[in-house]
**Q** 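Handing you this structure, nothing more for now.
This structure is a prediction, so every number in the text was calculated from the model and none was measured. Numbered from 1 within each chain, the chains take letters A, B, ... in sequence-line order.
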There are 2 protein chains.
Amino acid sequence: MATNRKMDFLADEIALADFAKAIAHPARIAILKLLAQQKSCICGEIVEGLPLAQATVSQHLKELKAIGLIKGSIEGKTSCYCIDWEVFNQFVSQFGVFADLAKNASGQTQACC
Amino acid sequence: MATNRKMDFLADEIALADFAKAIAHPARIAILKLLAQQKSCICGEIVEGLPLAQATVSQHLKELKAIGLIKGSIEGKTSCYCIDWEVFNQFVSQFGVFADLAKNASGQTQACC
DNA sequence: ATTATATATCGCAAATATACGATGATATGT
DNA sequence: ACATATCATCGTATATTTGCGATATATAAT
């Protein structure tokens, strides 16, 4: 990447892309699944549930936390994580924008496909 | 990455992560927005709507097409793209899985958060 | 105090992603 | 046939992501 073109896009587009990036790894999907199931929220259990080293899982957790999708708190010797549903749902609903655009655009001068 | 751990995850998780990866760039978000608005579907117009070189836009279009989110057809001298809503909606609805898991899990032995 | 346990962070290597000029391929106009 | 226009692909430089061992940190147990 020669130059940083990121600033040339809309804030909305960057935000949605960043959310997608946070989800764009099977490990992070798997972590969210585990947390959604509420079977486990303790770091060690998450590590056992994944085919990755502890350091790697910790890094993935950090990324999910950085964008706000999960919250983490230290409980004595262990760390506990859980999904922030408010943030999660807000991001997911943003995908609806595309469908809304299509709905509003239909009936007008239609393009070629 | 020393080894390819991708195969150690579930197919569902990989598929959803791949979709997220396809969306995980402001340019590809912007392209989908343009196509959803149906203002333009011709490659050249998309290029003009983005702060990127033609070669780069073509690459992004290729990625979106590879995962099936958009369809492309050659119309004479130009190329025409449009969103495959069936694929798009199918992917988006997959995010509901997390919420469903949480719903089913609630009321049971709850974890720490 | 010492040891064990749980987790985060650092530093590095390998893999991917991004951007773009140059070039190739195909269709249109003259 | 030749020039032009549109778009895809190639090659390459740079940036980011991923994975993990080693290590730091902090709590708990003996």
**Q** Just call it for A/Thr56: base, sugar-phosphate, or nothing, with non-hydrogen atoms closer than 4.0 Å on any strand.
**A** base
**Q** What is the distance from CG of B/Leu61 to P of C/dT18, rounded to the nearest Å?
**A** 14 Å
**Q** Whole Å only: how far is the CG atom of A/Asp8 from the C1' atom of C/dT18?
**A** 14 Å
**Q** How many Å lie between CD1 on A/Ile42 and P on C/dA6, as a whole number?
**A**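 Between P of C/dA6 and CD1 of A/Ile42: 10 Å.
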**Q** Please report the distance, rounded to the nearest Å, between CD in B/Gln54 and P in C/dA22.
**A** 13 Å
**Q** Look at the aromatic rings of A/His25 and B/Phe9 and report parallel, tilted or perpendicular, splitting at 30° and 60°.
**A**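 Plane angle over 60°, so perpendicular.
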**Q** In whole angstrom, give the distance that lies between atom CG of A/Leu52 and atom C1' of C/dT7.
**A**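 It is 16 Å, rounded to the nearest whole Å.
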**Q** OP1 or OP2 of D/dT6 versus the side-chain N and O atoms of B/Tyr81: is any pair under 4.0 Å?
**A**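 Answer is no, no contact under 4.0 Å.
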**Q** At their closest point, which heavy atom of A/Gly68 faces which heavy atom of A/Asp84, and how far apart are they?
**A** O-CB, 3.5 Å
**Q** Could you pick out which residue, B/Ala55 or B/Glu63, lies toward the 5' side of DNA chain C when each is mapped onto its nearest nucleotide?
**A**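 Going by which nucleotide is closer to the 5' end, it is B/Glu63.
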**Q** Just so I know, are the side chains of A/Gln54 and A/Ser58 near enough to count as touching, which here means a heavy-atom distance under 4.5 Å?
**A** yes
**Q** Would you classify A/Ser58 as touching base, sugar-phosphate or nothing, given that sugar-phosphate means primed atoms plus P, OP1 and OP2, and contacts are heavy atoms under 4.0 Å?
**A** base
**Q** State which of D/dC7, C/dT7, C/dT18 makes the closest approach to the side chain of B/Arg28.
**A** C/dT18
**Q** Between A/Lys77 and A/Lys62, name the one whose nearest nucleotide on DNA chain C is closer to the 5' end.
**A** A/Lys77
**Q** C/dC20 C1' sits how many Å from B/His25 NE2, rounded?
**A** 13 Å
**Q** Identify, with sequence neighbours excluded, every residue that meets side-chain hydrogen bond (donor to acceptor under 3.5 Å, both in side chains) alongside B/Glu13.
**A**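 Per chain and number, B/Glu13 pairs via side-chain hydrogen bond (donor to acceptor under 3.5 Å, both in side chains) with A/Lys33.
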**Q** Any idea which heavy atoms bring B/Ile67 and B/Ala22 closest together, and the distance?
**A** CG2-CB, 3.9 Å
**Q** Does D/dG19 have its OP1 or OP2 closer than 4.0 Å to a side-chain nitrogen or oxygen of A/His60?
**A** yes
**Q** Assign B/Thr78 to base, sugar-phosphate, or nothing according to its heavy-atom contacts below 4.0 angstrom with the strands shown.
**A**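 Sugar-phosphate: the residue B/Thr78, judged by heavy atoms under 4.0 Å, touches backbone atoms but no base.
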**Q** Just checking B/Glu45: base, sugar-phosphate only, or nothing, at a heavy-atom cut-off of under 4.0 Å?
**A** nothing
**Q** For A/Ile74 and C/dT5, give me the distance from atom CD1 to atom C1', rounded to whole Å.
**A**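 Rounded to the whole Å, the gap is 15 Å.
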**Q** Separation of B/Leu50 atom CG from D/dC7 atom P, in whole Å?
**A** 13 Å
**Q** When the nearest nucleotide of DNA chain D is assigned to B/Gln59 and to B/Gly44 on a heavy-atom basis, which residue is associated with the more 5' position?
**A** B/Gly44
